[in-house]
Protein chains: 2
Amino acid sequence: MAVTLKEVAALAGVSRSAVSRTFTKGASVSRGTREKVEQAAQELGYRPNVIASSLSTGRTKMIGLVLDNFRNPIFLQVFDLFTRGLQDRGLRPLLVNLTGETEPENSVQMLQQYSVDGVIVASSTLPPDFAKAFRTAGLPVVHAFARHKPQPEIDIVGIDNRFCGRLAARTLIARGYSSIAFMGGPATATSTRDRLEGFLEVAQATPDITVSHSFSEAYSFRAGRAEMTRLLQGPRAQAYFCGDDVLSIGALSAIASAGLSVPRDIGIIGLNDMEMAGWENINLTTIHQPTAGITTAAVERIQALLDAPQSPPKAQLFDCHIVERGTLRAPPGNDQAG
Amino acid sequence: MAVTLKEVAALAGVSRSAVSRTFTKGASVSRGTREKVEQAAQELGYRPNVIASSLSTGRTKMIGLVLDNFRNPIFLQVFDLFTRGLQDRGLRPLLVNLTGETEPENSVQMLQQYSVDGVIVASSTLPPDFAKAFRTAGLPVVHAFARHKPQPEIDIVGIDNRFCGRLAARTLIARGYSSIAFMGGPATATSTRDRLEGFLEVAQATPDITVSHSFSEAYSFRAGRAEMTRLLQGPRAQAYFCGDDVLSIGALSAIASAGLSVPRDIGIIGLNDMEMAGWENINLTTIHQPTAGITTAAVERIQALLDAPQSPPKAQLFDCHIVERGTLRAPPGNDQAG
DNA sequence: CGAGTCGTTGCAACCGGTTGCAAAAAATCA
DNA sequence: TGATTTTTTGCAACCGGTTGCAACGACTCG
């Protein structure tokens with residue numbers, strides 16, 4: 001159906017090699033030949049077939065994009081950033097939806113069958129070994145939103161979740177909350193475990209602070225609402241660090257349903273700073289995760305790996321900071337003028 | 001790097017054809033040969049390379065998935081459904097992010113270069129001709145969330161937006177609102193234009209009803225909030241049909257910021273029934289769009305087209321219905337018991 | 001036991017490109 | 001101008017598979 005190199009060669013009156021060379025940059029073609037070929041190609045509407053050329057070159061310019069979270073709206077943005085970032089560099093995302101799957105083997109085989117040049121795993125919940133399976137199979141891989149490790153076995157880019165946990169605890173304590181809690185995502189998620197660790201580290205090192213924690217079933221509204229509803233039935237903390245924004249929003253709705261008010265009765269701080277957190281009817285104080293920086297870095301890193309597959313893995317960490325909105329009370333001694 | 005057919009053939013002591021045939025269902029191989037080959041393949045960890053085989057078979061099992069909206073959370077669900085639907089049928093989504101792009105040519109060429117077997121365009125805002133470009137180029141295509149047409153030139157699956165407009169108008173009128181308005185998405189979106197038409201059709205045909213309309217800049221929270229803020233500065237309608245849920249949520253936040261209450265002061269009805277609409281702190285009355293049904297139908301249709309590329313295009317329409325929540329007042333004469 | 005069937009197998013060509021190599025053509029130099 | 005170097009070009013093999021075809025062997029049947 002599509003026009004092939006052979007037809008172009010015939011029309012231009014040159015060999016197939018000549019046509020191939022005009023479309024391979026850096027190859028040696030004379031001005032005259034190039035013009036004849038370009039003319040013929042133009043006329044026939046010829047475009048070289050990437051798939052066919054990949055057989056000899058070993059490059060498909062396809063990148064496997066592996067995702068396992070399609071519930072959290074933040075991933076829509078992640079999606080957008082990844083697909084555009086790849087496209088802008090002439091790479092094509094071949095998608096793998098991992099929902100429910102935890103064994104890497106299937107994905108590895110599938111992506112190998114399609115000869116992708118590399119793989120980006122975007123998930124904060126997958127176990128650290130997951131991405132390693134791609135590397136073991138010989139595929140360049142970078143794990144975005146990964147758990148931090150000083151000497152990683154594969155390339156990772158993300159945030160320091162323990163730091164975020166500490167930041168949250170310090171912030172709550174500085175606001176004068178003396179009874180604080182962490183309401184995490186799923187107990188199995190590495191991101192949640194790390195955030196908890198950092199949170200406890202600071203809380204337990206500070207005198208006169210009561211700290212507790214619990215987990216939700218998923219990083220989702222429903223899970224957050226359910227967990228906060230449950231928490232409100234017992235003795236409650238003064239402020240909660242929720243493992244994620246969407247979880248926070250679920251918690252906020254549970255609090256509202258219980259007839260309580262934020263930040264008057266309870267303080268909430270989230271993590272991610274997703275777009276919704278800034279919506280006026282949500283107005284969530286949260287820790288900003290630089291999604292754009294992370295995705296860009298991941299794309300750049302995978303591209304670098306294509307050229308130098310053997311370069312030693314490194315970890316790239318991005319800074320997080322508090323975005324002040326309306327779900328925490330002001331620091332004590334701070335006159336709430338206005 | 002990866003194991004090839006040749007190596008398996010060598011280890012099994014058979015010809016390359018024999019190996020190929022054991023992995024091609026329907027091909028003729030004796031029991032003995034098959035066993036030898038399977039044994040060898042197992043041992044080496046061989047998987048046939050789809051890319052290579054596509055050269056002869058003309059099938060890559062890749063489907064181009066073309067999207068242009070990465071702001072509206074409903075598309076995260078659409079994404080999930082499409083990628084899983086395709087995967088479940090052994091197809092692979094190759095993603096095209098169309099943000100900002102309106103010319104189909106680039107996407108057509110790109111997807112042709114990758115020899116995708118078919119294309120799914122998922123957008124309610126693209127002009128009807130967009131998807132046609134793929135068909136013209138010889139690629140099977142189905143347009144999901146497309147504008148309805150009785151005799152389409154390409155396969156479409158979606159909802160009847162004019163019907164939804166009429167349904168919204170009838171609902172508002174039945175609730176006793178006498179001054180109603182449509183707050184649409186972008187004026188260029190076909191979905192918005194059609195919803196408006198249906199809305200006006202009913203409103204104008206009903207005596208003693210005042211009707212008006214306006215457009216937002218995009219299907220987004222910010223656009224909805226901005227437009228409703230603007231509307232509240234003039235004489236306002238009693239109830240608004242917003243072109244989309246996320247737009248409705250923006251409108252709700254503007255209304256709250258203005259110190260007004262829903263549904264007491266203003267009624268709102270949305271469209272989509274995205275997950276968030278059901279969140280207790282949003283609780284939006286809306287028209288349900290059967291996203292799952294649409295995506296499933298689109299995937300099934302594209303698969304059918306792979307086998308019968310010449311089958312005449314058809315339009316598949318899905319029914320919509322009202323989901324009653326808390327942003328419209330009860331019908332008049334209906335005692336609000338409870 | 002020989003002829004006729006039928007399922008199995010390998011050869012070789014092909015899918016749409018790329019690329020090493022050697023021959024041909026063009027450019028450079030003496 | 002002829003010899004030498006450099007550039008351009010086509011041939012042919014290859015990337016990893018598939019498939020038409022003819023040869024082969026086993027099996028059936030008369």
Side-chain angles (χ1 to χ4, degrees), chain A residues 1-38 40-41 44-62 109-117 137-139, chain B residues 1-38 40-41 44-62 109-117 138:
Chain A
M1 184 108 289
V3 185
T4 75
L5 177 134
K6 193 156 66 174
E7 306 171 45
V8 177
L11 179 59
V14 297
S15 73
R16 288 159 57 224
S17 332
V19 179
S20 174
R21 287 188 176 108
T22 41
F23 288 97
T24 311
K25 72 168 202 168
S28 157
V29 216
S30 72
R31 199 187 154 81
T33 312
R34 154 158 278 126
E35 275 166 9
K36 273 190 293 184
V37 170
E38 277 173 349
L44 298 172
Y46 170 76
R47 300 265 116 186
N49 183 322
V50 187
I51 290 302
S53 81
S54 81
L55 263 198
S56 346
T57 61
R59 296 237 151 169
T60 53
K61 294 182 176 182
M62 292 195 293
Q109 290 191 355
M110 187 251 117
L111 289 174
Q112 271 189 319
Q113 289 188 35
Y114 277 89
S115 308
V116 296
D117 290 346
L139 285 170
Chain B
M1 183 107 289
V3 186
T4 75
L5 178 130
K6 193 157 62 174
E7 307 171 44
V8 178
L11 180 59
V14 298
S15 72
R16 290 158 57 223
S17 330
V19 179
S20 174
R21 287 196 250 260
T22 37
F23 289 97
T24 311
K25 71 168 205 167
S28 157
V29 215
S30 72
R31 198 186 155 84
T33 311
R34 153 160 278 126
E35 274 166 10
K36 274 189 293 181
V37 170
E38 277 173 350
L44 298 172
Y46 170 75
R47 300 265 117 186
N49 184 321
V50 186
I51 290 301
S53 81
S54 82
L55 262 197
S56 345
T57 61
R59 295 238 154 165
T60 54
K61 295 183 177 181
M62 292 195 292
Q109 290 191 355
M110 188 252 116
L111 289 174
Q112 272 188 317
Q113 288 187 31
Y114 278 88
S115 307
V116 297
D117 290 348

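Chain letters run A, B, ... following the sequence lines, proteins first and then strands; every chain starts at 1. This structure is a prediction, so every number in the text was calculated from the model and none was measured.
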Novice: OP1 or OP2 of dG16(C) sitting under 4.0 Å from any side-chain N/O of Y114(B)?
Specialist: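 Result: no.
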
Novice: Between P on dC11(D) and NZ on K6(A), what's the gap in Å once rounded to a whole number?
Specialist: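 It is 14 Å, rounded to the nearest whole Å.
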
Novice: For dG17(C), does the base pair up with any side-chain atom of S56(A) as donor and acceptor (N or O, under 3.5 Å, distance only)?
Specialist: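 Side chain to base: pair found, below 3.5 Å.
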
Novice: Atom CG of L55(A) and atom P of dA13(D): how far apart are they, to the nearest Å?
Specialist: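 It is 18 Å, rounded to the nearest whole Å.
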
Novice: With distance as the sole test, does T60(B) use its side chain to make a donor-acceptor pair with the main-chain N or O of S115(B) at under 3.5 Å?
Specialist: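 Checking the backbone N and O of S115(B) against the side chain of T60(B), a donor-acceptor pair under 3.5 Å is found.
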
Novice: Apply side-chain contact (heavy atoms from CB on, under 4.5 Å) to residues I51(B) and M62(A) and explain how you reach the verdict.
Specialist: CA-CA 11 Å; I51(B) 290 301; M62(A) 292 195 293; 4.1 Å; yes

Novice: Grab the CG-C1' distance between N49(A) and dT18(C) for me, whole Å please.
Specialist: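 After rounding, the reported distance stands at 13 Å.
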
Novice: Among dG17(D), dT9(D), dT18(C), which nucleotide has an atom closest to any side-chain atom of S28(A)?
Specialist: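 Of the options given, the side chain of S28(A) lies nearest dT9(D).
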
Novice: Within the 4.0 Å heavy-atom criterion, would you say F23(B) contacts the bases, only the backbone, or no part of the nucleic acid?
Specialist: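 Since no nucleic acid heavy atom lies under 4.0 Å of F23(B), the category is nothing.
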
Novice: With a 4.0 Å limit, can you tell me whether S20(A) has a side-chain N or O closer than that to the phosphate oxygens OP1/OP2 of dT18(C)?
Specialist: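 S20(A) to dT18(C) OP1/OP2: side-chain N or O found under 4.0 Å.
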
Novice: Any side-chain N or O of S53(B) under 4.0 Å from OP1/OP2 of dG16(D)?
Specialist: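 It does not, given that no N or O in the side chain of S53(B) lies less than 4.0 Å from OP1 or OP2 of dG16(D).
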
Novice: Rounded off to whole Å, could you give me the CZ-to-C1' distance for the R31(A) and dT6(D) pair?
Specialist: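 The distance from CZ of R31(A) to C1' of dT6(D) comes to 19 Å, rounded to the nearest Å.
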
Novice: So which nucleotide from dG10(C), dG17(C), dG17(D) ends up closest to the side chain of Y46(B)?
Specialist: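 Selected nucleotide: dG17(D).
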
Novice: Would you mind reading off the distance between I51(B) atom CD1 and dG16(C) atom C1', rounded to a whole angstrom?
Specialist: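 About 13 Å, once rounded to whole Å.
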
Novice: Determine the contact category for V29(A): base if any of its heavy atoms lies under 4.0 Å from a base atom, sugar-phosphate if only primed atoms, P, OP1 or OP2 are that close, otherwise nothing.
Specialist: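 Sugar-phosphate: the residue V29(A), judged by heavy atoms under 4.0 Å, touches backbone atoms but no base.
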
Novice: What is the distance, rounded to the nearest whole Å, between atom CZ of R59(B) and atom C1' of dT19(D)?
Specialist: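 So the CZ-C1' distance, R59(B) to dT19(D), works out to 16 Å.
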
Novice: In whole Å, what is the span from the CD atom of Q112(B) to the P atom of dG16(C)?
Specialist: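 Answer to the nearest Å: 13 Å.
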
Novice: Check if the side chain of R16(A) and the base of dG17(C) share a donor-acceptor pair of N or O atoms closer than 3.5 Å.
Specialist: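 Answer yes: a donor N or O sits under 3.5 Å from an acceptor.
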
Novice: Report the distance from atom CZ of F23(A) to atom CZ of R34(A), rounding to the nearest 0.5 Å.
Specialist: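 The CZ atom of F23(A) sits 8.5 Å away from the CZ atom of R34(A).
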
Novice: Under the 3.5 angstrom rule, does the side chain of Q109(A) hit a backbone N or O of R47(B) as a donor-acceptor pair?
Specialist: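 Not confirmed, Q109(A) side chain does not pair with R47(B) backbone.
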
Novice: Has E35(A) got a side-chain atom pairing as donor or acceptor with G32(A)'s backbone, closer than 3.5 angstrom?
Specialist: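 Absent.
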
Novice: Does any donor-acceptor pair link the side chain of R21(A) with the base of dG20(C) at a separation under 3.5 Å?
Specialist: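 When only heavy-atom distances are counted, R21(A) does reach the base of dG20(C) through a donor-acceptor pair under 3.5 Å.
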
Novice: The side chain of T57(B) is closest to which nucleotide in this list: dG10(D), dT19(D), dT9(C)?
Specialist: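 Selected nucleotide (nearest to the side chain): dT19(D).
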
Novice: Students often get this wrong, so: under 4.0 angstrom with heavy atoms, is V50(B) touching a base, only sugar-phosphate, or nothing?
Specialist: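 Contact class for V50(B): none.
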
Novice: Determine whether more than 12 heavy atoms belonging to other residues, nucleotides or ligands lie under 6.0 Å from atom NZ of K61(B).
Specialist: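 No, because the 6.0 Å sphere around NZ of K61(B) holds 12 heavy atoms or fewer from other groups.
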
Novice: What is the distance, to the nearest angstrom, from the CD atom on E7(A) to the C1' atom on dC14(C)?
Specialist: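 Between C1' of dC14(C) and CD of E7(A): 15 Å.
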
Novice: Counting only side-chain heavy atoms from C-beta out, which of dT9(C), dT19(D), dG16(C) sits nearest to T24(B)?
Specialist: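 So the side chain of T24(B) is nearest to dT19(D).
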
Novice: Is a donor-acceptor pair below 3.5 Å formed from side chain S17(B) to base dT18(D), judging by atom type as modelled?
Specialist: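 Check fails, no donor-acceptor contact within cut-off.
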
Novice: For the side chain of S15(B), counting heavy atoms from C-beta on, which of dG10(C), dG17(D), dT9(D) is nearest?
Specialist: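 Nearest nucleotide to the side chain: dG10(C).
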
